[in-house]
Amino acid sequence: MNYQTFQPHQDLEALVSCYWTLEIPAEYSAERQRIVPDGCIEMAFILGDDIKRYTSQDEFILQPRAMVLGQTLAPFCIEPTGYVNTFAIRFYPYGFANFVTTPIEQLANKETPLTSLFDASIVNELERSIINAEDTKQRIAVIEKFLLERLNEQSTIDTIVKQTVDALLTSNGTATITTILKEDLSKRRQLERNFKKQIGVSPKQLGRVIRLQSALKMLLNKETDSLTKIAYESDYFDQAHFNKDFKEFTGISPTAFLSNEQMALSTLFYK
DNA sequence: AAACTAGCTCGGCGTCATAG
DNA sequence: CTATGACGCCGAGCTAGTTT
């Protein structure tokens, strides 16, 4: 298994968190993997064999080979059908809205083929270039050219939304909406409306995802082995609340998660 | 300690009035 | 016509007890 991340070009670093690649030979190809919401939107290109996404216990769909994965609020499972080779772009929560006119809310909780977001001929050309590229470096060059070309001149993200996301990120998801808005409480409704359109989920929901992620990082980095401690340090009122959110976003309880082999892959993504 | 629960606050959202 | 802000309902989320 080979997972790597790469930093974006300067002009994109405000919007793109990183590029990443994952390669797993077919013989090691893992069983079902649990994907936990992390607040980010990803664009992914499947370069290896198809990947299944389970829609229920025993039903699945094959993911589009060039797609965007929107905000999610619940865990889901994917499973490789063979050789895994994926190239992906991880956008910050407000990153992707700058490249499309589609309301981001419509991308939430599912994968959307690139062809429904951009002109078909452009997508074909892009996909071809990505597939034919010799290495990741070239792929990054291709996608950056594409992104920079499409970057809307006028910043489509309004400042209140950006400020709110930043406040949520720096507070590990614990800042309350009222605190963030402070003197501008009249903007509350406006924030909610724009947030959904530009981020895809509500402010509080994103905050909860970020808070859980911060707890998850602590858990995976083995900073402490006490779940109670993690709960308090992540600013949960008590362990019960932590457990509840954990189950909601990951699908299993913290202890089950820790003992689960699936953790191996998750660990890679949350450094 | 953990589980339960009553009561409070906060956030999401429908709706309406007004502004641009 | 769309964008904005006010208002209020109500369910979600949080807190602080009380009970097991």
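Quick note on labels: first sequence line is chain A, next is B, and so on, each numbered from 1. Atoms considered below: every heavy atom in the structure, side chains included; atoms not considered: hydrogens, waters and symmetry mates.
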* Asked: Going by the angle between their ring planes, with limits at 30° and 60°, are A:Phe99 and A:Phe96 parallel, tilted or perpendicular?
  -> tilted

* Asked: Just by modelled atom types, is the A:Tyr83 backbone N or O under 3.5 Å from a matching donor or acceptor in the A:Asp49 side chain?
  -> yes

* **Residues in side chain to side chain donor-acceptor pair (under 3.5 Å) contact with A:Tyr54, at least two apart in sequence or another chain** => A:Glu79

* Asked: If you look at every strand shown and take non-hydrogen atoms under 4.0 Å, does A:Lys244 touch a base, only sugar-phosphate, or nothing?
  -> sugar-phosphate

* Is the gap between the ring centers of A:Phe242 and A:Tyr236 under 6.0 Å? -> yes

* Structure fact -> Readout for nucleotides 2-17 of chain B: B = base within 4.0 Å of protein heavy atom, S = sugar-phosphate only, - = neither; 5' to 3' it is ---------BBBBB--

Which pairs would a plain distance check flag for residues 196-204 of chain A, meaning a side-chain donor or acceptor within less than 3.5 Å of a matching protein atom at least two apart in sequence or in another chain?
unit_1	atom_1	unit_2	atom_2	d
A:Gln198	OE1	A:Asp158	N	3.4
A:Gln198	NE2	A:Thr156	O	3.1
A:Ser202	OG	A:Gln205	N	3.3

* **Contacts of type side chain to side chain donor-acceptor pair (under 3.5 Å), residue A:His9, not counting sequence neighbours** => none

* Along DNA chain C, 5' to 3', what are the outermost nucleotides having an atom less than 4.0 Å from a heavy atom of chain A? -> C:dT4 to C:dA16

For residues 115-123 of chain A, tabulate all N or O donor-acceptor pairs below 3.5 Å that involve a side-chain atom, not counting sequence neighbours.
unit_1	atom_1	unit_2	atom_2	d
A:Ser116	OG	A:Pro113	O	3.2
A:Asp119	OD2	A:Ser121	OG	2.7

* Structure fact -> Result for side chain to side chain contact (heavy atoms under 4.5 Å, CB included) between A:Ile41 and one of A:Val68, A:Leu69, A:Ile89 points to A:Val68

